[in-house]
Engineer: 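Pasting in a structure now, in structure tokens, and then I'll have a few things to ask.
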Amino acid sequence: MKPRYVRRASWAALLVVLSIGAAQAADLSISQFRVRGPAGGNDEFVELFNGGSKSLDLSGYKLNASNASGTTGTRLTLPAGTSVPSGCYLLLTNGASGGYSGNVTGDVKYSTGVTDDGGLALLDGSGQTLDQIGLSAGSAYKAGTPLASLGSTNADKGYRRKTDTAGLPIKTGDNQADFDVVAPTAPHNSASTCVVLGQALSIADASATVRGAANVNMHFTVTLTQPAPNGGVTVHAATQDGTATVANGDYEALDTTLNIAEGQTQAGFNVVVHGRTTASEDKAFEVKLSQPSGNVPLARDTAMGAILYDIPVAAEIWQIQGREQVSPLVGKSVTTTGNIVTAVGPSGFTMQTPDARADADPLTSNGIYVFTSTAPAVAVGDVVNVDATVDNYYQLTELKNATVAVTSHGARLPTAVKFGENIPSSDPNKLSCGATNFQCFVGMRVVIENGMINTGNKRFSGEPFAEVSITANGKRSLRLPGVRFGVTVPDGVQLPNWSGNPEVFKMNTADFGAVPLNTPYVAGSTFRAEGIISYDFGAYTFIPTTITLKHVAEMPRSVSPTAPYALRIGALNTERFCDSDFNTTFTCSGNSKEPTPDEVALKTQRLAAYIGSVLQLPDVLSVEEVKSLALLQGLATQLHDDYRASYQPYLLPGHDPSGINVGFLVRSDRVHVVSVRQLAADETWNDNGQTAFIHDHPPLLLTAEARGVRFQVISVHPKARTNVDKDDDSATRDRQKRFLQSTSLAHQVQSLQIAAPWQPLLVVGDFNAYQFSDGWVDVVGLISGKYKDSENLLKLGKNIVYPALWNAVESVPQNDRYSFLFTEKFGPIQGYTQAGSGNSGREVPTVQVLDHALLNQVARLRFLKMQYGRADIDAPAQTEADAATATDYRKAIGVSDHDGFVVDLFMPGRPGDMGYAPHRDENGSHGNDDDHGEERGHGH
């Protein structure tokens with residue numbers, strides 16, 4: 001049930017309000033500090049003191065700080081080997097500019113200061129807070145009543161912890177009671193004289209677990225800070241009732257005198273705790289020390305004794321599971337009988353209540369995982385009785401420390417829950433399990449008849465082909481219309497929120513042996529499976545016991561070859577096709593450096609494989625994110641070498657500070673280019689007080705002829721959606737720029753329509769926008785003439801383009817409408833929790849259309865079909881990595897983060913036509929084939 005890469009964590013079962021480690025934590029404390037000094041706000045130090053009898057290893061301990069608003073951060077992690085002997089100090093100082101100015105040298109430096117009204121905390125290597133001090137009520141770190149801030153005046157003033165008669169730090173749990181103002185400060189470092197701690201007695205907390213009728217001894221230890229002198233030391237110890245009482249028979253009263261022998265530092269005694277056979281809440285009593293001989297101080301005179309009742313509770317699985325992620329019986333021992341084994345893994349098994357005993361509550365699960373750590377001696381269909389402890393393993397309720405008895409074999413399995421069109425729910429307001437979509441099915445049998453694999457396998461360090469994303473309704477996880485899930489719909493926008501696709505979940509195929517480990521899956525494949533719902537790494541997961549692929553998606557999946565009567569026009573975002581020269585404001589690659597010549601050559605080969613084998617050599621191809629004409633020429637040469645196709649490149653530089661541009665590759669044996677020119681390249685706008693170009697990648701207009709037909713194609717690549725769903729100034733700015741870019745292009749489109757209404761016109765490329773409004777700016781709708789003010793925050797008024805262009809995406813089957821994969825991170829919602837590096841909680845891989853083809857009416861009359869080539873979005877991560885060394889068409893896999901497309905137009909030509917026809921000038925008269933310098937873009 002658990003992924004193989006998860007290490008089991010230990011679980012401490014104290015349920016009373018006490019910490020057994022309190023005495024140890026008290027040994028180290030913040031003994032003196034200041035957060036401002038004569039040199040200013042960074043003139044800081046924090047003094048640590050070891051008040052224990054043994055040296056403390058502080059490797060990995062942290063100094064944290066908080067501001068007055070409760071925002072915390074780590075200021076220092078102590079390096080390995082850092083230690084503090086008994087009675088000694090360690091001085092932490094701020095080494096930043098204007099930092100610590102004292103004469104006592106600091107031992108370890110940090111570089112980020114603490115605010116005057118913030119707070120401090122000392123954490124051990126596991127993150128447990130050992131000591132904390134607040135300087136305001138808003139600090140995240142404070143104990144009891146916080147200290148008063150000493151203000152913003154630069155002076156040698158700080159706080160020092162009080163000590164008791166034994167010289168030990170006072171830690172009452174209240175900052176005001178524990179500290180005094182000190183001026184001037186007098187910090188100590190590791191070289192300072194250590195304190196010879198006076199003789200003192202302490203008693204430590206204790207606990208005992210009751211599992212049945214037998215009595216249990218609870219052992220208490222009393223400790224001297226120094227060996228006992230001649231004659232030893234005596235001290236009186238007596239029990240006092242708490243929630244546990246002698247009268248109720250919880251324990252036996254004790255009143256005794258304890259002797260610590262000469263030269264010894266410890267002695268102990270037992271309190272008898274009575275056994276019981278019925279369940280009970282945990283209880284506690286106290287032991288009080290008094291009357292020490294020789295007037296030895298009592299550093300800690302009271303200990304808590306915790307009685308932890310672990311009496312097995314007879315329970316059905318649904319009672320163990322409860323309605324929440326954490327079991328109501330967590331930490332308790334349970335006995336559950338007569339359940340049926342439904343799946344067996346390498347370290348445990350799942351079992352489920354027989355149908356006849358299943359509860360009628362749809363919000364509780366009738367299945368659970370039993371962790372055995374080794375291969376369990378059970379088989380599917382066995383009926384078992386289990387005695388175990390209820391555990392919460394990273395939000396998965398399970399049974400551990402199990403004793404399993406098989407009572408019969410071959411039982412009929414409980415009826416599986418059918419996942420499909422309605423379960424799990426696709427409505428976030430009506431989730432299948434109330435607050436979640438899957439919690440009430442955890443541990444239970446599930447059958448999926450029409451499953452869809454939504455993404456290729458993720459890759460983990462020890463598992464090249466790991467989990468995939470799936471749906472049970474046969475649909476891809478598409479980005480659907482509406483404002484982003486979780487974002488407030490802006491005023492004046494009549495759109496719903498997109499659902500966020502709550503029906504999407506994970507599948508780990510190999511955990512129960514349904515397939516061999518590291519079996520690859522390509523997105524778009526469909527399947528039938530039976531298995532179990534589980535929970536790991538913060539997400540609900542389906543683990544199949546059997547799985548059958550109904551349709552196996554190929555990788556790559558090419559478009560069909562061009563028909564002899566068709567003209568093929570396509571688009572491909574090449575994902576930063578860069579050269580090796582860093583001659584732009586920012587790197588073209590987007591990384592810290594540009595690619596090497598060998599990496600450029602490999603990228604060229606892989607792009608050629610995509611264009612040649614996946615897109616089947618389109619006649620005209622818009623290319624986005626290309627740095628230079630030279631790179632595009634290299635790609636044209638590679639296509640000629642690999643496919644014997646003659647391509648002519650066209651590219652004009654734009655204004656992108658990283659140097660990426662739009663361009664064209666044109667089949668010179670099939671298409672004659674009349675001209676290539678930029679549109680609105682010099683238009684500017686007021687960008688936060690600065691005059692800036694509207695278009696980073698000015699649209700590029702190709703006018704060409706094929707088979708006697710003149711046509712035009714505009715290559716586009718507007719600004720990305722990076723910030724638009726946020727609620728800040730960056731979002732406002734980016735929405736405005738996208739609106740202006742779209743408006744500018746719409747005017748250009750309309751001018752072309754008016755000038756040549758009989759001429760096919762296509763607008764193609766990476767629009768960085770959906771085929772519907774996102775609630776802010778409908779980029780595609782504005783450019784095509786279908787903008788609705790009611791669905792957008794930014795209002796247009798009257799549409800610019802008329803007649804409107806048609807988006808060929810509408811002709812593509814619903815499940816195939818995507819060109820980009822984006823994982824939406826919604827955080828810890830719907831039962832999903834943050835667990836593990838990079839996991840923000842609810843993560844939904846969604847496929848979406850960013851790459852479009854808009855056709856005017858003349859082009860639409862010639863439209864045959866639109867197809868996306870598949871080599872990037874649907875591949876497993878490891879398959880993409882392996883493709884770099886492939887020697888055939890598979891080298892195309894993963895070359896970009898977009899899938900390209902082609903649109904076929906009906907252009908049969910005249911009888912005898914071969915290739916392109918002699919071109920005409922803009923008035924339709926015959927002209928020569930000479931190019932016209934810069935306007936074409938060739939050579940630039």
Side-chain angles (χ1 to χ4, degrees), residues 483-484 487 490-493 495 573 585-586 622 624-625 652-662 677-701 714-754 761 763-802 804-805 807 849-852 854:
V483 177
R484 185 186 187 270
V487 174
D491 292 339
V493 174
L495 277 179
N573 183 317
T585 303
F586 306 115
S622 164
E624 300 91 54
E625 296 194 13
L652 287 169
H655 310 300
D656 191 299
S658 64
I660 57 174
N661 303 287
V662 297
R677 62 187 176 91
Q678 288 180 332
L679 301 177
D682 297 327
E683 286 190 11
T684 59
W685 71 302
N686 184 344
D687 185 1
N688 291 324
Q690 301 293 321
T691 299
F693 291 107
I694 288 177
H695 298 284
D696 297 315
H697 320 120
L700 199 60
L701 171 66
I714 304 175
S715 172
V716 301
H717 188 206
K719 180 166 183 54
R721 294 191 71 259
T722 306
N723 297 313
V724 299
D725 291 320
K726 297 178 181 178
D727 184 18
D728 57 20
D729 291 341
S730 69
T732 301
R733 182 256 183 192
D734 285 3
R735 294 168 194 161
Q736 183 66 24
K737 185 168 183 177
R738 284 162 60 85
F739 182 81
L740 292 174
Q741 287 177 338
S742 305
T743 304
S744 170
L745 182 54
H747 283 296
Q748 297 292 328
V749 168
Q750 185 62 10
S751 296
L752 292 170
Q753 284 205 126
I754 293 172
L761 171 65
V763 185
V764 301
D766 174 9
F767 285 69
N768 275 315
Y770 313 132
Q771 67 271 38
F772 40 74
S773 177
D774 59 11
W776 314 110
V777 178
D778 182 1
V779 169
V780 175
L782 205 163
I783 296 169
S784 63
K786 298 181 179 179
Y787 198 83
K788 297 179 180 178
D789 280 352
S790 62
E791 294 183 354
N792 293 278
L793 178 67
L794 301 189
K795 309 303 183 184
L796 176 65
K798 185 178 180 181
N799 269 294
I800 299 166
V801 176
Y802 183 83
L805 307 186
N807 194 345
V849 178
L850 296 184
D851 302 80
H852 305 263
L854 307 182

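In this text, all values refer to a predicted model and were calculated from it rather than measured experimentally.
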Engineer: How long is the gap from NZ on Lys795 to NZ on Lys788, to the nearest 0.5 Å?
Structural biologist: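 Separation between the atoms: 13.0 Å.
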Engineer: Does some side-chain heavy atom of His697 sit less than 4.5 Å from a side-chain heavy atom of Glu624?
Structural biologist: no
Engineer: With a 4.0 Å cut-off, would you call Asp696 and Lys737 a salt bridge?
Structural biologist: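 Here Asp696 pairs with Lys737 in a salt bridge, since their nearest N and O are under 4.0 Å apart.
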Engineer: Testing the basics here: between Gln748 and Ala680, what is the closest heavy-atom pair and its distance to 0.1 Å?
Structural biologist: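 In terms of heavy atoms, the two residues are closest at NE2-CB, 3.9 Å.
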Engineer: Would you say the side chain of Asn768 lies within less than 4.5 Å of the side chain of His717, judging by non-hydrogen atoms?
Structural biologist: yes
Engineer: Can you tell if the side chain of Leu700 reaches within under 4.5 Å of the side chain of Leu652, non-hydrogen atoms only?
Structural biologist: yes
Engineer: Are the charged groups of Arg721 and Asp725 less than 4.0 angstrom apart, N to O?
Structural biologist: yes
Engineer: Using atom types as modelled and distance alone, determine if a side-chain donor or acceptor of Asp656 lies under 3.5 Å from a backbone N or O of Ser658.
Structural biologist: yes
Engineer: Got a donor-acceptor contact below 3.5 angstrom from the Asp774 side chain to the Val777 backbone?
Structural biologist: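 Yes: the side chain of Asp774 pairs with the backbone of Val777.
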Engineer: Name the residue from Val764, Ile783, Leu752, Val662 that meets the side-chain contact (heavy atoms from CB on, under 4.5 Å) definition with Ile714.
Structural biologist: Leu752
Engineer: Please give me the minimum heavy-atom distance between Asp778 and Asn792, naming the atom from each residue.
Structural biologist: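 Distance-wise, the nearest heavy atoms are N-OD1, 2.8 Å.
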Engineer: Please determine whether the number of non-hydrogen atoms from other residues, nucleotides or ligands lying under 6.0 Å from atom CG of Asp729 exceeds 12.
Structural biologist: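 No.
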Engineer: Taking atom CZ of Arg484 and atom NZ of Lys726, what is their separation to the nearest 0.5 Å?
Structural biologist: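 Nearest 0.5 Å value for the CZ-NZ distance: 10.5 Å.
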Engineer: Of all heavy-atom pairs between Ala746 and Val801, which one has the smallest distance, and what is that distance?
Structural biologist: O-CG2, 3.5 Å
Engineer: Which atoms form the tightest heavy-atom contact between Gly785 and Ala804, and what is the distance?
Structural biologist: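 Result for this residue pair: O-CB, 3.9 Å.
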Engineer: Ignoring hydrogens, what is the shortest heavy-atom contact between Ser773 and Gly775? Give both atom names and the distance.
Structural biologist: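 Nearest heavy atoms, Ser773 then Gly775: OG-N, 2.9 Å.
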Engineer: CD/Gln750 to CD1/Ile800 distance, rounded to the nearest 0.5 angstrom?
Structural biologist: 8.5 Å
Engineer: Rounded to the nearest 0.5 Å, how far apart are CZ of Arg733 and NZ of Lys719?
Structural biologist: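 The CZ atom of Arg733 sits 5.0 Å away from the NZ atom of Lys719.
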Engineer: Measuring only between side-chain heavy atoms, which start at C-beta, is Val716 closer than 4.5 Å to Val763?
Structural biologist: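 The answer is yes, as the side chains (C-beta and beyond) meet within the 4.5 Å cut-off.
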Engineer: His852 vs Phe767 aromatic rings, parallel, tilted or perpendicular, using cut-offs 30° and 60°?
Structural biologist: perpendicular
Engineer: Keeping the roles fixed (side chain from His655, backbone from Phe693), state whether a donor-acceptor pair exists under 3.5 Å.
Structural biologist: no
Engineer: Take the angle between the ring planes of Tyr787 and Phe739 and call it parallel below 30°, perpendicular above 60°, tilted in between.
Structural biologist: perpendicular
Engineer: Taking Asp687 for the side chain and Trp685 for the main chain, is one N or O donor matched with an acceptor at less than 3.5 Å?
Structural biologist: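 Checked: no pair found.
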Engineer: Please tell me if the side chains of Val849 and Asn807 come closer than 4.5 Å, counting only heavy atoms from C-beta onward.
Structural biologist: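 The answer is no; the side chains never approach within 4.5 Å.
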Engineer: Please report the shortest heavy-atom distance between Val483 and Pro490, naming the atom on each side.
Structural biologist: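 What the structure gives for the nearest pair is CG2-CD, 4.3 Å.
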Engineer: Contact between Gln753 and Leu805 at the side-chain level, heavy atoms closer than 4.5 Å - yes or no?
Structural biologist: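 Side-chain contact under 4.5 Å: yes.
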Engineer: Do other residues, nucleotides or ligands put more than 12 heavy atoms under 6.0 Å from the CG atom of Asp728?
Structural biologist: yes
Engineer: Taking Ser744 for its side chain and Leu740 for its backbone only, find out whether a donor-acceptor pair lies under 3.5 Å.
Structural biologist: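 Such a contact is absent between Ser744 side chain and Leu740 backbone.
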Engineer: Do Trp776 and Arg738 have side-chain heavy atoms sitting under 4.5 Å apart?
Structural biologist: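 No. Closest side-chain heavy atoms not under 4.5 Å.
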Engineer: Working to the nearest 0.5 angstrom, can you tell me the gap between Leu782 CG and Leu745 CG?
Structural biologist: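 Between Leu782 CG and Leu745 CG, I get 9.0 Å after rounding to 0.5 Å.
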Engineer: Indicate yes or no for a side-chain donor-acceptor contact from Gln678 to the backbone of Pro653 under 3.5 Å, with no hydrogens or angles considered.
Structural biologist: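 Side chain of Gln678 to backbone of Pro653, a donor-acceptor pair under 3.5 Å: yes, one is there.
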Engineer: What distance separates Asp789 CG from Lys798 NZ, expressed to the nearest 0.5 Å?
Structural biologist: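 If I round to the nearest 0.5 Å, the distance is 13.0 Å.
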